Every structure is written in C-alpha cells, then in structure tokens.
Amino acid sequence: MSTLARKKGVGAVIWDYLTTVDHKKIAILYLIAGGFFFLLGGLEAMIIRIQLAVPNNDFISAGFYNEVLTMHGTTMIFLAAMPLVFAMMNAVVPIQIGARDVAFPFLNALGFWLFFFGGVFLNLSWFLGGAPDAGWTSYASLSLASPTHGIDFYVLGLQISGFGTLIGGINFLVTIINMRAPGMTYMRMPMFTWATFVTSALILFAFPPLTVGLIFMMMDRLFGGNFFDPALGGNTIIWEHLFWIFGHPEVYILVLPAFGIFSEIFATFSRKRLFGYSSMVFATVLIGFLGFMVWAHHMFTVGMGPIANAIFAVATMAIAVPTGIKIFNWLFTMWGGSIRFTTPMIYAVAFIPSFVIGGVTGVMNATAAADYQYHDSYFVVAHFHYVIVGGVVFALLAGAHYWWPKMFGKMLDEKLGKVTFWLFFIGFHLTFFIQHFLGLMGMPRRVFTFLPGQGFETGNMISTVGAFFMAAGTVVLLANVVITTVKGKRVGNDPWEDGRTLEWAVSSPAPEYNFAQTPLVRGLDAYWIEKMEGKKGLTPAEPLGDIHMPNPSILPFVISLGLFVAAFGFLFHQDYAWGTPVGVVGLLITLGAMFFRSIIDDHGFHIHKEEVMEAEKKGAGA
Amino acid sequence: MANHTHVQNPKVDVQYRRKKNAEEMKHQIVSFTLMIFLTLIAFFAVGYEGFSAWFSVPFILLLAVVQVIFQLYYFMHMSHKGHELPALFLYGGALVAFVTIWAFLTIVWI
C-alpha cells in the first residue's frame with residue numbers, strides 16, 4: 001500500500017493531490033493556491049498604482065477602481081497571507097514537534113479545500129456581474145447599498161473559506177497539545193510551533209465573530225433581514241464592531257507566525273540559541289491575549305466618546321511592550337553570533353527596521369486624538385503596509401526560501417534569492433515610505449484619482465515606481481522557482497548545515513511517515529543538541545515497527561464543492577427560479593459526503609517495517 | 001501505542017476503581033440535589049413579589065453560573081486529571097467574551 005518512490009502519470013499525481021491527507025502535500029497545495037492568489041492580489045495592486053501614478057488618470061473608471069481596491073485587500077489578507085501562513089505551518093509544525101502527521105489529517109484536507117473553493121467563489125464575481133466594491137472591511141452602510149452581487153460573493157466566499165481557516169486552527173491546537181514527541185515539553189517547543197499554537201488559539205476565538213457578522217450580512221443582503229439597516233431598526237455600527245473584533249486579532253494571526261519564522265531564522269543563521277526564549281514565549285502569549293482588547297482603535301472616529309477612545313488607545317499602546325521585547329531578543333540573538341547572510345537571513349535583518357517603522361506609526365495611530373488627523377488618509381495605508389508587507393510578506397518570502405529544500409528537496413538559488421530581496425526591499429520602501437507624507441499632506445485613502453496642483457504628483461509617481469520594483473522582484477522569484485525545479489540539485493537532510501530543530505533531522509522532502517522512529521527530545525533545539533554531541537541522527541524513543549497511516553479521501557473535496565454549489569444557488573435565488581433548488585442540491589452534496597464520512601469505517605493502513613527500512617536506506621543515500 | 005496498559009494486578013485495580021466510582025457517584029448525587037435546589041430558589045426569586053427585577057435577574061444569573069460549574073466539574077469530569085488545557089481554553093474564551101461584552105456595556109456606545 002505504500003506510495004513511496006513510485007513513478008506516476010500526470011492524472012495519478014492530480015488525483016493524489018485531490019485526495020491527499022498528508023500534511024506535507026497539503027502544505028504544497030496551500031503554497032500553490034496562496035501563491036496564485038498572491039499574484040492575483042499583486043496584479044490588482046499594480047492596477048491601483050498605475051491608476052494613481054499621475055493626477056486625473058483614466059486608466060480605469062471609478063467604479064472599477066473600487067472593485068480592484070476591495071479585491072486587492074480581501075485577496076491579500078484572506079486568500080494570500082492566510083493560506084501561505086498555513087502552508088508554512090503544515091510544512092513544518094508536525095515535523096518540528098516530532099509527529100507523523102497532524103491530529104486530524106482528514107480535517108486538514110477539508111480546511112484546505114474549503115479555503116480554496118471560498119477563494120475561487122469570491123474571484124468568480126469578476127465574471128458574474130462585478131466584484132465587491134465596499135472595501136475589504138465591507139462596512140454595512142456601504143455594502144448594503146451596493147447594487148451588484150459583489151458583496152454577496154464577498155459574504156458567501158469568505159464564509160466558506162472562514163470555515164476552512166477555523167478547522168485548520170482547531171487542528172493545529174489539537175496537534176500541538178496532543179502529538180508532541182516524548183520529551184518535547186511546552187518550553188522545549190521551537191518558537192515557530194509556539195507561534196502556531198497561539199495563532200491557532202486566536203483563530204479559534206476570532207473567527208466566530210466574523211462568522212456571525214457574515215451571517216447577519218447574508219441575512220440582510222439575501223434573505224430580507226435588517227440587522228444593519230437603521231431605517232428598519234437595525235444598527236450599522238454593529239457590523240463594524242463584529243468585523244474588528246475579528247479583524248484586529250486577524251492582524252496578529254498573520255504576524256505571530258511571521259515572528260515565529262524569523263525567530264527560527266535568526267537562531268539558525270546566528271548559530272546561537274534564541275536569546276530570551278522564555279520571554280519570547282511570554283511575549284507571544286501576551287500579544288495574543290491583548291489582541292482581543294483593542295478592536296475599537298479602528299473606530300476612534302465613529303463617535304464612541306472620549307472614555308472608550310482613551311481606554312482603547314492605552315490598551316493598544318500596551319501591545320508595543322511585548323513586541324519590543326521580541327525586537328530586542330532578536331537583536332541579542334544576533335549579538336555575538338557567527339552570522340551567515342543567507343537569503344532568509346537578509347530578509348530577517350531587513351524585517352527589523354521595516355517592522356519597527358510600522359510599529360512606531362502604529363503607536364501614532366493609537367493616539368486617539370491624533371488619529372482624527374490620520375484616519376482614512378494614506379498615513380494609515382502606509383502604516384498597515386509596513387506591518388503586513390514589512391512583517392508578514394517578508395516572513396513568508398524568508399520562510400519560503402528557508403524551508404523550500406525541506407518542502408521540495410531542492411535549494412532555491414541564493415543569487416536569484418538575493419536579487420529578489422533587493423528588488424522587493426527597495427521597491428517596498430519606495431512604495432510605502434512616501435505614503436506617510438502623502439497622508440499627512442491630506443491625501444485620503446480609497447480615492448480613484450487626485451487633482452493636479454495639490455502636491456501629490458511626485459509622491460504618487462515615486463510610489464508607483466516602487467510598486468514596479470516589487471513586481472520585478474516577484475518575477476525573479478518565480479523564475480527562481482522554475483529554474484530550481486528544473487535544474488536544482490537534490491539536497492540532504494540539513495542543507496543550511498546549521499539546522500537546530502527536528503525538521504532538519506529528516507530527509508528533504510520528509511518521507512510520508514516523517515520519522516521512522518518517533519524521536520526522543522532532550523532539550524530546546526533538539527537536533528542541535530544531538531549534533532553537538534557528535535551524533536548523526538536523533539535519539540529514537542521507540543523501536544522500529546509498522547507505521548499506521550490514514551487513507552487518502554476525496555470526501556473533503558466533495559464536501560467543499562457542495563458548499564461552493566450551494567453558495568451559487570443561494571446567491572442567485574432572488575433572480576432566477578433555479579437558485580433555491582441548486583442551493584439545496586449543493587447542501588445535499590455536502591451533507592451526503594459528510595454522511596458517507598460517518599458511515600465508512602476507515603481504519604487507514606500500515607507501512608510495514610521492511611518498507612520503512614528500505615525507504616530509510618534510500619533516503620540516507622540521496 | 002500499547003504501552004498505556006498498567007494492569008499488573010487487575011483485582012486491586014477493580015477495587016480501586018469501584019471505590020473511586022462510588023465516591024464520584026456520591027458527588028454527582030449531592031451536586032444534582034443542589035442543582036435542583038438552586039433551580040427551585042431561582043423559580044421562587046422570580047415568582048416572589050417582594051424582589052424587584054434589579055435583584056432577581058443578577059441573582060438567577062449567579063445561580064446559573066454556579067450550575068454551569070457543577071455541570072462542568074461533576075458531570076463532565078473537568079475535575080479529573082488531563083483536563084487542564086480544555087479548562088484553560090474554556091476560561092480563556094470566557095474571559096475574552098466577558099471583556100468584550102463588558103466593554104460594550106460600559107464604555108462603547110452603539
């Protein structure tokens with residue numbers, strides 16, 4: 001039954017990925033889908049920057065600009081950053097804790113397919129009457145008035161992909177709590193695993209408010225509800241609260257894994273253990289906790305009154321303290337280390353000043369009185385791009401270079417990697433630094449054009465030039481991926497040679513079962529400890545034996561497909577007679593697949609001891 | 001996999017488990033009686049004319065919280081070993097929800 005080292009045709013490979021429940025293959029699916037949406041969001045960003053390059057531009061119309069702007073934000077947050085974070089988690093976390101898979105492999109696949117179909121559904125709006133156009137926050141007063149079906153695509157698409165994220169988050173919580181190898185205590189977990197743990201807890205608590213908000217919005221838009229319509233006794237501000245109770249933790253859901261990735265990279269390429277590990281853990285948990293107490297700082301100008309504004313301002317500023325702890329810990333990790341400036345490491349080094357700029361403007365925005373000036377200006381746009389691009393995107397690019405050999409068995413080219421970095425880094429600061437000043441000079445965000453003679457011309461032109469640098473960097477990265485895939489040489493277990501955590505102890509890519517024998521973890525940076533004692537591999541915690549594996553299944557795909565069909569039906573149920581029946585059929589597909597999942601007794605299969613020994617011999621020779 | 005089995009002396013084990021179960025049964029009956037008693041008090045508090053809503057509503061909410069704790073600890077075995085993390089997440093979630101609602105009730109105007 002083992003699928004190890006068997007040559008397969010294209011159709012068999014596709015079927016393999018459609019039915020896979022292996023966390024390493026799901027990581028690749030997340031990477032491909034997230035990467036695709038990242039390119040799509042980037043394309044939308046380029047359209048925005050071309051439109052804003054010169055005053056009074058008519059490259060696109062005002063209405064289309066609103067759609068592009070909304071889809072840029074929505075795609076980048078929900079369909080690019082989130083799945084790419086999940087790609088890293090899936091590729092690394094189970095191996096880092098010495099597990100053979102996640103706790104619920106079936107749910108892992110289901111989470112991916114829900115995200116994927118939600119994302120595809122959202123983007124089909126481009127071809128079916130117009131994309132959402134009320135901004136990624138989709139404030140109810142705007143979105144209820146939107147005449148096209150765009151907002152309905154937003155609501156239903158995000159609802160479906162949100163289920164996927166919630167399932168993924170719960171899966172990682174259970175995995176990290178229950179499936180750590182013997183000896184892997186909480187305070188021996190690698191920093192990326194800790195970040196994943198806290199992030200998953202944030203997902204667990206932050207996504208339900210979004211789900212509630214989206215259901216209210218769905219009722220209002222499609223089924224005659226009036227939660228947000230003041231004329232019918234609703235309240236439009238409720239959406240803003242629900243959205244930001246989710247939306248602020250969402251920022252930390254993205255940035256905590258980024259912190260985790262950089263913590264791994266700093267320690268590896270400084271050849272030192274992470275400075276202040278326990279304070280790093282403490283800071284991560286504290287950021288996660290405080291993240292829930294600050295949502296209203298997005299709404300200072302709504303009119304909550306001075307007391308609410310003051311309390312939320314102070315709570316927001318408090319988050320700078322644990323973040324500061326982290327920044328200093330990274331600096332002290334590098335201090336006295338023997339540093340290697342590999343591609344992941346230069347991203348990490350560049351991340352510190354970039355992210356600190358974003359943090360400083362964050363504290364400025366948190367000052368409620370001053371925020372009345374910054375609100376809805378390009379200053380805010382500059383701030384959150386410094387945090388998200390300077391923090392999250394840098395981390396994802398760094399993580400992709402760092403773990404690429406572990407995911408695909410080949411190193412990305414270092415020279416091209418550095419070219420990508422410099423293009424992206426220069427382009428990023430060129431694009432967004434000037435936007436602080438555009439904002440302070442009074443340029444409002446979310447406008448499709450500006451008038452000449454107001455002093456915005458030079459700044460916007462510089463910004464657009466920077467965007468082209470970032471696009472060039474992305475093209476070089478893609479070329480690098482293609483060249484590596486075609487010509488790259490196979491690498492061994494520990495291609496960076498300074499790997500500290502368990503994922504570097506297994507072959508690249510890891511075998512289906514990850515570890516032939518579950519390892520015994522004897523301290524923080526388990527693999528480093530073994531290497532320092534002159535050992536080649538890990539200390540096993542069990543004798544070699546048959547390994548139990550889950551069976552692949554097409555059901556996650558079918559369950560998600562059913563919801564995708566149902567969403568189409570209900571979206572058009574007021575326009576066409578076929579709407580409601582199609583919706584019901586979709587739900588029946590989903591429920592039927594769930595029913596089959598319940599009644600089919602699936603015990604999985606075993607990879608026998610002899611097969612494992614043979615595979616290990618081959619892996620050692622590669 | 002199979003290393004969880006610690007049945008060296010099945011007789012001792014059975015005896016020990018019997019004692020444990022009997023004890024637990026006692027706890028469950030006591031808390032069940034208390035819960036019925038608390039429910040009766042709640043009905044009384046609502047029905048009695050002398051209490052205004054300002055007293056009886058917070059009062060029965062308090063009784064409800066006590067009942068939830070009984071339910072979790074004595075009937076759903078949260079008092080047993082190995083439930084520390086579910087407890088942590090339960091209280092974590094309750095705290096986050098409480099702070100959010102508290103903020104709405106006290107400082108945020110909708």
Side-chain angles (χ1 to χ4, degrees), chain A residues 169-170 173-174 176-178 182 186 197-198 200-202 204-206 208-209 228 230 234-242 244-246 248-249 285 288-297 299-300 302-313 315 518 541-543 545-548 606, chain B residues 1-10 13 16-17 20-21 24 53-54 57-58 60-62 64-110:
Chain A
I170 292 170
L173 276 179
V174 181
I176 293 172
I177 291 171
N178 285 335
Y186 281 105
F197 185 56
V198 176
S200 305
L202 291 187
L204 178 66
F205 293 141
F228 303 128
N235 186 336
T236 182
I237 303 294
I238 292 173
W239 166 267
E240 296 184 27
H241 279 292
L242 284 171
W244 286 118
I245 289 171
F246 147 78
H248 198 79
V285 175
F289 184 68
L290 289 177
F292 282 100
M293 318 279 161
V294 297
W295 80 91
H297 68 210
M299 300 166 62
F300 282 151
V302 159
M304 296 180 299
I307 292 176
N309 279 10
I311 289 173
F312 280 106
T518 299
E542 62 173 12
D546 292 357
I547 296 173
H548 182 247
H606 282 91
Chain B
M1 269 183 256
N3 15 351
H4 291 286
T5 43
H6 44 79
V7 248
Q8 262 102 28
N9 194 340
D13 208 38
Y16 173 76
R17 280 203 342 243
K20 259 282 191 215
N21 284 349
E24 211 153 90
W54 284 104
V57 170
I60 61 173
L61 280 177
L62 182 76
V65 169
V66 174
Q67 295 222 16
V68 167
I69 292 171
F70 276 158
Q71 173 75 23
L72 286 173
Y73 278 88
Y74 291 109
F75 291 96
M76 295 174 79
H77 307 295
M78 229 166 82
S79 53
H80 288 195
K81 256 194 182 167
H83 288 64
E84 295 83 6
L85 266 159
L88 175 74
F89 273 82
L90 213 142
Y91 289 123
L95 181 68
V96 166
F98 171 74
V99 170
T100 307
I101 292 168
W102 193 38
F104 273 109
L105 290 178
T106 52
I107 57 172
V108 178
W109 175 87
I110 294 194

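This is a predicted model, so every value here is computed, not measured.
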Can you check whether B:Leu95 reaches A:Phe292 side chain to side chain, under 4.5 Å on heavy atoms? no
Residue B:Ala103 versus chain A: region with a heavy atom under 4.5 Å: side chain
Check the surroundings of atom CD1 in A:Ile307: do more than 12 heavy atoms from other residues, nucleotides or ligands lie under 6.0 Å from it? no
Taking the side chain as C-beta and beyond, is there a heavy-atom pair between A:Phe205 and B:Thr100 under 4.5 Å? no
Could you give the distance from CD1 (A:Ile170) to CZ (B:Phe89), rounded to the nearest 0.5 Å? 10.5 Å
Under a 4.5 Å cutoff for heavy-atom pairs, which residue among A:Met293, A:Glu240, A:Met299 has the most contacts with chain B? A:Met293
To the nearest 0.5 Å, how far apart are CD1 in A:Ile177 and CG in B:Leu88? 8.5 Å
Partner set under side-chain hydrogen bond (donor to acceptor under 3.5 Å, both in side chains) for A:Thr518, not counting sequence neighbours: A:Glu542
Using the test side-chain hydrogen bond (donor to acceptor under 3.5 Å, both in side chains), find all partners of B:Gln71 that sit at least two apart in sequence or belong to another chain. none
Given side-chain contact (heavy atoms from CB on, under 4.5 Å), test B:Ile107 with A:Met304 step by step and report yes or no. CA-CA 8 Å; B:Ile107 57 172; A:Met304 296 180 299; over 6 Å; no
